[in-house]
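Since the structure comes first, as structure tokens, the remarks are kept for the end.
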Amino acid sequence: MTVLIIGGSGFLGGELTRQAIAAGHTVTATFGTRTGTLLGAEWRRLDLRRPEAITSLFEEVRPTVVINTAYRRSDRAKTADGAISRYELGTLIARRDGLDPCALTTGKRAEMGPPGPLDVRLESGRTQSRISTVLRGAREFLAAPDSKKDGPGR
């Protein structure tokens with residue numbers, strides 16, 4: 001499988017790049033300002049503000065799978081909107097699935113093994129501007145068990 005990881009030099013992108021290489025996939029990973037250091041991936045500079053660069057990269061790589069983990073720290077207000085802790089995400093999923101959220105334990109990040117993200121964020125403004133499906137945040141689509149009645153994408 002040919003995997004293209006946008007933002008491969010970042011925290012999440014780096015881990016996904018490592019796992020894809022370990023799984024034996026052909027990996028192309030992109031970076032905006034600092035290249036990744038993992039061997040086994042083809043590293044490509046990519047400016048996501050240039051649509052022609054994205055098109056060119058897709059034509060050259062012809063990926064089977066694309067994973068976008070890119071974000072800009074300077075867009076913190078945008079990417080942090082709707083930020084949700086991993087614990088809160090877990091409790092929302094538990095409630096949605098009829099499980100007791102009190103069964104989830106909290107802990108200190110230092111006690112949890114390999115480092116991982118503290119918050120889960122997805123900035124989807126550009127995607128939303130290009131599609132007609134209404135994208136919802138985790139709080140909205142996981143908040144109530146009856147939220148499923150609207151169906152996918154609503």
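A side-chain donor-acceptor contact under 3.5 Å links Arg45 to the backbone of Gly32. Although no hydrogens or angles enter the test, the distance criterion places no donor-acceptor pair under 3.5 Å between the side chain of Asp97 and the main chain of Leu99.
Transitive grouping of hydrophobic side chains (ILVMFWY, heavy atoms separated by less than 4.5 Å) keeps Val65 and Val61 in distinct clusters. The hydrophobic clustering, which links ILVMFWY residues whose side-chain heavy atoms are closer than 4.5 Å, places Leu16 and Val66 apart.
Remark: Leu38 CG to Gln19 CD distance equals 11.0 Å, nearest 0.5 Å. Distance check: Asp47 CG to Leu57 CG gives 12.0 Å after rounding to the nearest 0.5 Å.
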With a cut-off of 3.5 Å and sequence neighbours excluded, list every side-chain donor-acceptor pair involving residues 4-13.
unit_1	atom_1	unit_2	atom_2	d
Ser9	OG	Arg34	O	3.0

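The salt bridge (Lys or Arg N to Asp or Glu O under 4.0 Å) analysis of residues 8-27, with sequence neighbours excluded, yields the pairs Glu15-Arg18. Identified under the salt bridge (Lys or Arg N to Asp or Glu O under 4.0 Å) test for residues 50-70, with sequence neighbours left out: Arg44-Glu60, Arg50-Glu52.
Among Thr28, Thr37, Thr17, the single residue meeting the side-chain contact (heavy atoms from CB on, under 4.5 Å) criterion with Trp43 is Thr17.
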- Task: Mind running side-chain contact (heavy atoms from CB on, under 4.5 Å) on Arg95 and Ile93 for me, showing each step along the way?
- Result: CA-CA 5 Å; Arg95 284 189 193 110; Ile93 292 170; over 6 Å; no
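For Ile54, the side chain to side chain contact (heavy atoms under 4.5 Å, CB included) test picks out Leu46, Leu48, Phe58, with sequence neighbours left out. For Thr26, the side chain to side chain contact (heavy atoms under 4.5 Å, CB included) criterion is met by Thr2, not counting sequence neighbours.
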